[in-house]
Amino acid sequence: MADALHFTYSPGRLGRREGAPGLVLQELTQFALASVIARKGQAAQAVGAAQRAFGASPPTTPTIAAGSDIAFVWSGPGHWLALGPQSTESFEARLGTVFGTHASVFDQSGSRVLLELRGPRVRDVLAKGVSIDLHPRAFRTGDVAVTTASHLAVHLWQVADEPVYRLLVVRTWFDSLWRWLAASAAEYGCEVMAPTPYTL
Amino acid sequence: MSSRIAQGGAINRQQVCRFTFDGAGYSGYAGDSLASALLANDIRLVGRSFKYHRPRGILSAGSEEPNALVELRSGARREPNTRATDIELYDGLEATSQNRWPSLKFDVQAINGLFSPLFVAGFYYKTFMWPASFWEKVYEPLIRRAAGLGRAALEADPDHYEKSWAHCDVLVIGAGPAGLAAALTAARTGARVILADENFVLGGRCLAERRTIDGQPAADWAAQAIAELRSMPDVRLFPRTTVFGVFDDGVYGAVERVNDHLPVPPEFQPRQRVWRFIAKQAVLASGAIERPLVFGNNDLPGVMLAGAVRTYLNRYAVLPGRRAVVFTDNDDGWTTAADLVAAGGQVAAIVDSREPVIVSELARRFPDIQAIAGEVNGARGGRHVESVEVTSRTGTSHRIDCNLVAMSGGWSPTLHLTSHKGNRPRWDEERSIFVPDMLPTGMRVAGAANGDMTLGEALVTGFRQGLTAAASCGFSGSMPALPRVTEESARRVPLWRVRQALGKCFVDFQNDVTTDDVELAEHEGYRSIEHLKRYTTLGMATDQGKTSGVTGIALLAQRRSIPVAATGTTTFRPPYTPVAMGALAGHHRGMDFRPTRYAPSHRWASELGASFTESGPWLRAQWFPRAGETDWFEPTCREVKAVRSTVGLCDVSTLGKIDVQGPDALKFIERLYANNFATLAVGRTRYGIMLREDGFMFDDGTAARLAENRYLITTTTAHAVQVYQHMHLCHQTLWPELDVQFVSVTDQWAQFAVAGPRSRALLQRVLDPRCDLSNEAFPFMACGEVALRNGEPARLFRISFSGELAYEIAVPGHRGDALIRTLHDAGQDLGVVPYGLEALNVLRVEKGHVVGSELNGQTTAHDLGFGRMLSTQKDFIGSVLGRRANLIDPARPRLVGIKTVDRNAKLAGGMHFIPQHAQRSIEHDQGHVTSVCYSPILEQWIGLGLLTNGPDRHGEKVMVVDPLRGAETLVEICSPVFIDPEGARLRG
């Protein structure tokens with residue numbers, strides 16, 4: 001039946017039960033997200049405006065730049081995802097005020113699911129669906145990739161050398177990504193943590 | 001285990017593995033292959049041949065094996081055509097011989113051999129020609145029953161397979177002496193190295209030969225090399241991993257048999273894993289494959305490749321025969337004689353086809369063995385070789401009793417991977433081998449794969465190529481001191497076939513292709529090597545001619561009296577050895593075959609027991625049955641009536657949503673849409689149509705002007721991705737000067753239709769009371785930002801697909817579940833009803849709205865009644881080509897409504913319009929029915945269709961005909977808008 005196919009995120013242990021889990025997985029919730037696209041010829045001004053307002057310079061290479069409470073995830077030339085904590089204030093409006101005529105801002109807060117992945121086998125798990133090289137010589141803390149995981153479009157970035165990764169995936173595709181992730185981590189054992197509010 | 005040698009070998013005698021072959025129990029040791037364990041148990045007859053059902057044994061000791069194919073395991077895990085020579089023995093292994101009936105020892109179809117003059121090359125083409133009516137009903141089943149190899153399992157595979165990626169600087173393919181040497185020098189520079197070998201033990205022929213490297217056994221040297229590699233953090237070793245293909249940009253396909261050496265994979269582990277190795281450089285060190293010699297009955301069990309004999313002796317400690325005859329055309333064959341003697345075997349004779357002077361020189365080293373300069377004419381024996389007939393160069397004939405023939409026709413470089421990108425190998429006349437010529441970008445070749453056949457050459461070229469490959473990746477190192485190795489010689493004078501043969505001489509064992517077949521094919525005009533292959537099947541099937549290809553080419557060359565170089569070679573393509581489809585599919589099978597997209601209300605809908613259907617990648621609710629409703633019809637009619645009388649809820653989040661901003665946003669959408677948007681005010685929505693460049697309809701939807709320079713575009717669910725791609729193509733290539741920014745926000749907004757006379761009442765309960773929904777404040781086609789009662793922001797659009805007073809309300813995706821529950825709860829006393837795709841479809845047919853069935857890529861705006869919407873005030877995509885005379889011809893099939901004249905008659909989509917009294921034939925075809933439904937409001941079947949001159953024929957009666965299912969009925973042509981043509985309800 002269709003509803004039985006709807007895999008849901010639930011804390012607990014998946015796959016191999018013995019030993020320490022190879023993958024530790026946690027959903028990060030309560031974040032605000034927006035696409036920021038520089039207007040024509042305004043990329044430098046947009047970067048400057050963000051630098052002044054947030055202390056973070058939206059990167060021009062595939063990296064992430066974090067300011068006081070907002071991080072900019074590179075998404076393409078003159079194109080970023082702004083990521084911040086959820087608040088009652090409209091994230092889109094707050095960014096819109098800062099970027100003014102330098103960039104267009106599109107609220108995406110409800111469009112994605114954000115996962116944090118760590119554990120001794122995290123690279124082996126990701127390698128089963130992510131084609132890019134995550135070896136420390138090729139991908140380091142702060143690096144961002146706009147790529148696919150199990151054929152689904154994702155943003156992937158590294159937040160710690162341990163390594164710890166964050167994976168941003170489109171909400172309506174999340175169940176399929178989840179099924180792949182659970183299957184791929186099963187042989188190493190996977191600990192699913194209770195969702196926690198997003199922090200930088 | 002009568003043939004097991006008392007000592008030595010890379011087997012673990014402490015670990016006994018019990019296994020069955022054709023139901024009988026045997027035992028071997030860990031480290032055995034199935035083939036070595038069978039030989040140790042004196043099992044020589046392993047299978048029957050493909051065409052003649054001749055008894056066959058074990059020819060080789062590797063993946064080139066053409067004969068010893070078995071079915072491995074049983075039940076759902078049964079795997080046909082596995083090579084006994086490749087299979088790692090494990091405790092509990094079950095193997096069954098294949099292609100025999102009723103038993104391996106007595107095979108009824110072996111009688112085919114008696115009729116072999118009939119079963120010549122092209123036999124099928126010649127025999128099963130007439131009559132043509134027999135092809136499918138008689139001949140094909142007959143051929144399929146008689147031919148074929150093993151049987152696939154009939155049950156679904158219970159095991160899990162997966163795919164993975166791995167990156168490296170240097171990929172080394174093959175872990176024999178050359179591969180180990182290459183991996184060592186590359187890894188010592190600090191480069192990231194992957195070393196893969198198809199065998200379950202790394203070491204290649206280091207394990208199979210009694211040679212020394214720096215005074216120590218080659219196997220020990222290999223073990224040390226592997227230990228060193230294993231200690232390096234950026235080296236990954238992949239035993240049991242076949243690199244099966246070379247693809248673009250340094251991508252190599254490989255399959256790792258993770259758990260094929262266990263009866264059942266451990267829980268949570270895959271059986272096999274397909275790797276995509278992405279390598280900056282690769283060193284191919286895949287070694288060489290020995291060629292059989294072509295003499296009479298050379299396929300008898302007990303006739304074995306000489307190198308394979310050494311593998312069984314030295315690696316597996318198995319004596320494949322007590323009394324052997326070695327037949328060779330090269331020096332390497334003599335090594336086998338020496339190894340046989342060293343292992344306690346008896347060598348009755350060495351037969352060397354070369355000049356007597358060479359033979360007598362070599363014979364000095366073997367004073368106790370009879371050396372004959374001459375040929376083996378044929379082997380004799382029933383199910384196993386019992387003797388050979390030998391003719392010496394002086395003309396004397398001997399019969400020599402033996403139960404093993406070790407034959408060596410020299411070694412062919414295993415260069416398959418060098419030609420996967422379309423390069424063909426080059427014939428080296430001096431050494432009589434094909435060698436790699438042009439190579440795929442980034443690939444180098446070392447050792448025997450490059451024709452450097454001796455151990456010393458393998459190590460030198462391996463070291464050098466590993467170093468060069470690493471250097472190409474920016475890593476530097478130095479050549480190690482070259483190790484001292486046992487002297488050896490690869491001298492050879494090729495003997496492609498014996499001059500005087502006794503019995504059938506097989507070239508391709510797996511396909512039962514003999515020298516006679518090659519000659520006949522040539523005689524009949526199949527002179528190209530590609531034609532020879534297809535006519536005789538030489539080089540086909542699971543082994544792809546690994547042991548037969550070169551000999552086949554040489555024989556054809558001989559026959560045509562042309563050089564081998566001029567004969568050419570067939571192309572090698574991936575995979576190198578067969579790869580299971582399951583491994584290629586990996587995780588993506590069953591419901592994971594492709595991703596599924598769930599609408600925001602999915603959980604709520606499934607809690608209500610909704611029935612779901614696939615709609616592109618989406619899973620959408622199609623109806624919400626209530627207790628007692630057992631089919632689709634009842635709930636659909638009920639849901640439609642509810643929308644027309646009270647209020648319904650439907651998840652429409654699947655529609656594509658694209659947010660367009662920037663100073664040139666209007667200019668941009670004006671060029672995309674065919675109708676006018678310049679006059680659209682902020683806070684208003686307009687229906688829009690897009691054409692393709694060729695003037696046909698592309699998509700329809702709405703554009704809502706949210707702010708001065710901001711539009712929210714919606715697309716159909718089906719075309720969401722194409723429209724978004726189209727917009728990017730237009731912006732990036734046609735109008736890069738436009739200052740416009742847009743992103744897909746399909747996932748950002750969970751959007752629900754609230755439709756029906758009570759929709760306003762329901763929304764007022766959910767929205768902030770200050771929100772004025774009156775016709776004056778929020779008229780038809782209005783849009784704007786609103787707040788929910790809890791203060792959360794939402795967007796509201798007054799648009800209607802059903803023709804009723806209706807709204808669509810949108811909240812951020814993660815709030816969708818909460819909103820649909822709030823709406824459903826709040827509307828209970830209003831009679832709120834969730835409705836699915838089926839009701840949605842009925843509602844839109846009743847209202848005459850077009851969807852994918854009408855926007856089928858072949859219809860124009862004029863066809864669908866949108867002709868007057870096309871703007872004449874502006875240029876837009878499709879405007880020029882859309883004006884072509886044929887596209888605006890009123891005689892084109894155009895949109896109409898239809899209703900059955902007999903109110904009880906049914907309609908089916910796809911029925912054809914035929915004038916009432918005309919013949920039911922293609923000449924009288926006037927179009928077809930695109931959409932049908934039962935209208936619970938009109939209480940009859942209605943539909944939409946595309947009819948020649950349609951809009952001018954309202955009131956006419958036309959037959960609709962379904963010739964496929966033999967149905968027809970009379971319909972009346974009418975306006976496609978069945979309900980409320982004035983639009984009073986939706987403005988209510």
Side-chain angles (χ1 to χ4, degrees), chain A residues 1-6 8 14-17 29 33 35-42 78-79 88 90 101 103-113 124 126-135 137-138 150-152 170-177 179-180 183-189, chain B residues 160 162-167 192 234 266-270 273 276 278 586-588 591-592 594-600 602-603 605-607 609-612 617-619 653-654 659 661-664 710 737-743 745-750 791 793 811-816:
Chain A
M1 283 308 291
D3 54 346
L5 307 179
H6 195 197
T8 50
L14 297 174
R16 190 173 59 88
R17 288 164 293 271
T29 57
L33 182 75
S35 294
V36 178
I37 306 177
R39 296 252 168 103
K40 194 170 167 55
Q42 296 285 304
H79 188 170
T88 50
S90 160
T101 58
S104 294
V105 181
F106 309 78
D107 188 15
Q108 295 278 22
S109 301
S111 67
R112 305 288 209 281
V113 174
D124 296 308
L126 286 174
K128 295 182 189 182
V130 176
S131 64
I132 61 164
D133 192 0
L134 296 178
H135 187 277
R137 287 187 201 170
S150 187
H151 305 286
L152 299 169
V170 173
R171 179 172 297 278
T172 53
W173 290 118
F174 176 68
D175 285 276
S176 293
L177 182 101
R179 287 176 60 87
W180 159 76
S184 298
E187 64 172 314
Y188 313 120
Chain B
H160 174 65
E162 64 183 27
K163 293 186 278 190
S164 194
W165 303 82
H167 300 254
R192 291 163 65 193
D234 286 312
E267 198 183 8
F268 306 120
Q269 282 200 26
R273 189 181 282 138
R276 269 74 51 90
I278 302 180
H587 171 71
H588 301 285
M591 79 157 293
D592 294 302
R594 66 173 190 181
T596 305
R597 224 170 162 183
Y598 293 94
H602 186 87
R603 200 177 303 175
S606 50
E607 284 168 19
S611 170
F612 293 95
W618 294 94
L619 210 54
S653 311
T654 60
D659 193 337
Q661 298 188 38
D664 292 330
R710 186 172 197 180
E737 73 282 2
L738 292 188
D739 190 0
V740 60
Q741 296 79 41
F742 53 94
V743 292
V745 289
T746 304
D747 280 86
Q748 164 62 13
W749 297 101
V811 290
H814 58 304
R815 304 281 185 221

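Below, chain A is the first sequence line, B the second, and so on; all start at residue 1. Just so you know, these numbers use all the heavy atoms, side chains as well, and skip hydrogens, waters and symmetry mates.
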Which atoms of B:Pro270 approach chain A - backbone, side chain, both or neither, heavy atom under 4.5 Å: side chain
query: Sequence neighbours excluded, which residues qualify as side-chain contact (heavy atoms from CB on, under 4.5 Å) partners of B:Pro663?
result: A:Arg39, B:Asp739
- prompt: chain B heavy atoms under 4.5 Å from A:Ser35: which part of the residue, side chain, backbone, both or neither?
  reply: side chain
- prompt: Hey, are the side chains of A:Gln108 and B:Val743 touching, using non-hydrogen atoms and a 4.5 Å cut-off?
  reply: yes
message: To the nearest 0.5 Å, what is the distance between CZ on A:Phe174 and OH on B:Tyr598?
response: 12.0 Å
Short side-chain donor-acceptor distance under 3.5 Å, B:Asp234 and A:His135: yes
message: Less than 4.5 Å apart, side chain to side chain, heavy atoms only: is that true for A:Ser176 and B:Arg594?
response: no
field: Heavy-atom contact with chain B under 4.5 Å, split by part of A:Ile37
entry: both
message: What I'd like to find out is whether the side chain of B:Pro595 reaches to under 4.5 Å of the side chain of A:Trp180, using heavy atoms alone.
response: no
- request: Can you measure from CD1 (B:Ile278) to CD1 (A:Ile132) and round to the nearest 0.5 angstrom?
  value: 10.0 Å
Residue A:Thr29 versus chain B: region with a heavy atom under 4.5 Å: neither
field: A:Lys40 and B:Asp664 ion-paired at < 4.0 Å
entry: no
Engaged part of A:Ala185 at the chain B interface, taking heavy atoms whose separation is under 4.5 Å: neither
- prompt: Non-hydrogen atoms of chain B under 4.5 Å away: do they reach the side chain of A:Val113, the backbone, both or neither?
  reply: neither
- request: Report yes if some heavy atom in the side chain of A:Lys128 is under 4.5 Å from a heavy atom in the side chain of B:His587; otherwise report no.
  value: no
field: Donor-acceptor pair, side chain of B:Gln269 and main chain of A:Glu187, under 3.5 angstrom
entry: no
statement: The interface call for A:Arg112 against chain B, heavy-atom contacts under 4.5 Å, is neither
- prompt: Considering residues at least two apart in sequence or located in another chain, which fulfil the ring-ring contact (aromatic ring centres under 6.0 Å, His included) criterion with A:His79?
  reply: none
- prompt: What option among B:Arg710, B:His160, B:His167 has the most heavy-atom pairs under 4.5 Å with chain A?
  reply: B:His167
